[in-house]
Chemist: 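Below you will find the structure I want to go over with you.
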Amino acid sequence: MNLDDLQTTYPEFVFEKTEVDFGADLELRFYFSCGEQSFVSKYILENAKVADENKEAIKRLAFHIGMAEIPSYWKAFCSPKIVIKAGKLDSEQTKFWQKLFFFGMGEFFFMNHFKPFQTEIVSQSHEDTSVKFNGSLDESSVLVPVGGGKDSVVSLELISKHDFKISTYSGHVGASENVIQTYAELHKLEKDYVGKRILDPHLFELNRTGHPNGHTPFSSVLAFETLLVGYLAGSKYIVLSNEGSANEPTAQYEGIPVNHQYSKTFEFEKDFKNYVEHSMAGVPEYFSFMRPLYELQIVKLFSNYKEYFRQFKSCNRGQKTNAWCGECPKCVFVALLLSAFVDDDVIFKIWGKNPLNAEKNIPIMEELLGFTPYKPFECVGTVLESGAAAYLGWKKREGKNQPLVFTHYEKWIRENESMLRENSEMILKQFSNEHELPSQFLTILKRSLSS
């Protein structure tokens, strides 16, 4: 289905309403429609108790979570106009959503060969959506969302060395549960909050019949969910683990940067913070603890936490089975970075094989190292640090048996050895000033790098 036909057939996408049930589990429902198609999207937070005085605030916050869910359904239609009937948006809020839907859907436009366009957002409601929670939040309490990867492990471990009460937030994903369980065995964990997002099955039926599908800015959904969970946890701080490397675009398309990780970028984090300050009161403070660092620096820290080596997972292909596939860009990238700090036998134990020893993964390395027009559309680091990691991994094994990818690129590494060495030294010393870390967390992170 081409874009013109879609937009002619489906001129308006509508966010109809939200509903909230305060039962043993907290259930939010979001109602969307487009032409004759209708959808109900759900979010369930298990064992969530809400005080009566804050139920109205939860209902209003549900509206903002519903706004973040729009791209998952809108992408099937690409309507030029989004009509908001579920609540009121002012001009500043509208600008936030227009920017998020434009840049957050960049990969979707790219993969579907659609010319990027900015959707008109029209609010047709007078219902107040400003959020104000009652009561105070505990300055010593933090909520750490855990996806099961290396970054959240490092955040948990660094913060655990200080006087904070730590709760976690996860979905029903094996890797996150395993990481949280390992952490709880090593440290005191206040509580693990579990949220479940349920997309309407009708959406998948439409995709199977030819309606467009593709990547959406999921981390923006997570951002609004964590405000809800963090408040119920009584946490002053929501500690994300998005790193500085996420800021680098994946590709250029039709004159705009396309970033697979747009809703993990510092740009989004700043926009989100401004949106929250404008629209909400009494909610936790949201920031990314790993923001000043490159992925390579985070992996260096992670390499000290051997207890998690068999627990963490970052492979999207193997997410449902809680396994590494060993053949995707994420597997190759993580193995590449780890190779700079651990031996091959450790990599083999993690994957059951060495992704760096597979000839079929050389084209992935080409993309990671910047030898192709764009990087893999995955949560991978910068081209610069991939080159630095290749140099460090090769250097660590100099004079020994090298994995296939290092022998394949040995000539390139030797020819550029001086530059790659300087890049690796620069990256491992890097500490970006582009972050939103409160002072006590800034101190913790700086000390961890110097120890």
Side-chain angles (χ1 to χ4, degrees), residues 17-31 40-69 86-87 127-148 152 155-156 159-160 163-173 176-177 179-181 183-185 187-199 218-240 272 276 279-287:
K17 64 177 180 177
T18 62
E19 291 179 346
V20 181
D21 278 351
F22 298 97
D25 298 332
L26 177 64
E27 180 173 322
L28 314 183
R29 292 185 294 273
F30 316 107
Y31 293 80
V40 182
S41 196
K42 298 178 183 179
Y43 171 72
I44 299 172
L45 184 63
E46 296 181 358
N47 301 314
K49 296 180 180 178
V50 180
D52 288 342
E53 64 267 24
N54 280 317
K55 287 183 177 178
E56 181 59 32
I58 295 290
K59 290 177 181 177
R60 293 186 180 189
L61 182 53
F63 164 78
H64 300 274
I65 298 173
M67 286 294 303
E69 287 285 10
E127 185 174 345
D128 188 6
T129 59
S130 61
V131 178
K132 186 179 190 316
F133 282 103
N134 298 304
S136 59
L137 298 170
D138 187 345
E139 293 271 353
S140 66
S141 176
V142 301
L143 178 74
V144 181
V146 176
S152 51
S155 291
L156 281 168
I159 296 169
S160 71
D163 192 22
F164 287 105
K165 293 178 282 189
I166 298 176
S167 295
T168 53
Y169 175 52
S170 65
H172 289 282
V173 180
S176 59
E177 292 174 357
V179 164
I180 291 166
Q181 182 179 348
Y183 177 82
E185 291 169 356
H187 309 281
K188 177 177 171 53
L189 179 65
E190 292 294 315
K191 185 175 179 179
D192 175 30
Y193 290 85
V194 177
K196 188 174 183 181
R197 181 172 170 252
I198 305 172
L199 297 176
F218 168 71
S219 293
S220 63
V221 179
L222 178 65
F224 284 96
E225 289 175 359
T226 59
L227 295 179
L228 168 59
V229 181
Y231 179 80
L232 295 179
S235 300
K236 172 66 175 177
Y237 302 105
I238 298 167
V239 181
L240 273 291
F272 179 73
V276 171
S279 309
M280 305 177 192
V283 295
E285 187 173 341
Y286 169 105
F287 68 94

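Since the model is a prediction, treat every value here as computed from it, not as a measurement.
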Chemist: Could you check if a side-chain atom of Asp128 sits within less than 4.5 angstrom of a side-chain atom of Arg60, using non-hydrogen atoms only?
Modeler: yes

Chemist: So how far is it from Gln181 CD to Asp192 CG, rounded to the nearest 0.5 Å?
Modeler: 10.5 Å

Chemist: Looking only at heavy atoms, what is the nearest atom pair of Ala68 and Val221, with distance?
Modeler: O-CG2, 3.4 Å

Chemist: Measuring from Ile44:CD1 to Ile198:CD1, what's the distance to the nearest 0.5 Å?
Modeler: 4.0 Å

Chemist: Please identify each residue that fulfils salt bridge (charged side-chain N to carboxylate O under 4.0 Å, His left out) with Arg29, with sequence neighbours left out.
Modeler: Glu19, Asp21, Glu27

Chemist: Any chance you could lay out the side chain to side chain contact (heavy atoms under 4.5 Å, CB included) test for Ser170 and Val194, step after step, and finish with the verdict?
Modeler: CA-CA 5 Å; Ser170 65; Val194 177; 4.2 Å; yes

Chemist: Would you say Leu240 and Pro145 make side-chain contact, with heavy atoms under 4.5 Å?
Modeler: yes

Chemist: Are any of the side-chain heavy atoms of Leu227 and Val131 separated by less than 4.5 Å?
Modeler: no

Chemist: Around atom NZ of Lys191, are there more than 12 heavy atoms from other residues, nucleotides or ligands closer than 6.0 Å?
Modeler: yes

Chemist: Would you name the heavy atoms of Glu46 and Asp25 that are closest together and state the gap between them?
Modeler: CA-OD1, 3.4 Å

Chemist: Can you see which heavy atom on Gly148 is nearest to which on Val179, and at what distance?
Modeler: O-CG2, 3.8 Å

Chemist: Return yes if some donor-acceptor pair links the side-chain N/O of His64 with the main-chain N/O of Val276 below 3.5 Å, else return no.
Modeler: no

Chemist: Which heavy atom in Ala62 sits nearest to a heavy atom in Phe30, and how many Å separate them?
Modeler: O-CE2, 3.1 Å

Chemist: For the CG atom of Asn54 and the NZ atom of Lys132, what is their distance to the nearest 0.5 Å?
Modeler: 9.5 Å

Chemist: Could you tell me the separation between the CZ atom of Arg197 and the CZ atom of Phe218, rounded to the nearest 0.5 Å?
Modeler: 5.5 Å

Chemist: Could you tell me which residues satisfy salt bridge (charged side-chain N to carboxylate O under 4.0 Å, His left out) with Lys49, sequence neighbours excluded, listed by chain and number?
Modeler: none

Chemist: Mind running side chain to side chain contact (heavy atoms under 4.5 Å, CB included) on Phe22 and Ile58 for me, showing each step along the way?
Modeler: CA-CA 10 Å; Phe22 298 97; Ile58 295 290; 3.8 Å; yes

Chemist: Working to the nearest 0.5 Å, report the span between OH of Tyr286 and CG of Leu222.
Modeler: 6.5 Å

Chemist: Do you know the tightest heavy-atom contact between Gly147 and Ser176?
Modeler: C-CB, 3.9 Å

Chemist: Identify, with sequence neighbours excluded, every residue that meets side chain to side chain donor-acceptor pair (under 3.5 Å) alongside Tyr169.
Modeler: Tyr43, Glu225

Chemist: So, applying side-chain contact (heavy atoms from CB on, under 4.5 Å) with Lys165, which one of Leu143, Asp138, Leu189 is it?
Modeler: Asp138

Chemist: For Tyr237 and Phe164, take the angle between the two ring planes, folded into 0 to 90°, and tell me which bin it lands in: parallel under 30, tilted 30 to 60, perpendicular over 60.
Modeler: perpendicular

Chemist: Which pair of heavy atoms, one from Ile65 and one from Phe224, lies closest together, and at what distance?
Modeler: CG1-CB, 3.8 Å

Chemist: Distance check, rounded to the nearest 0.5 Å: Leu28 atom CG versus Leu45 atom CG?
Modeler: 8.0 Å

Chemist: Does Ile238 reach the side chain of Phe287, with side-chain heavy atoms less than 4.5 Å apart?
Modeler: no

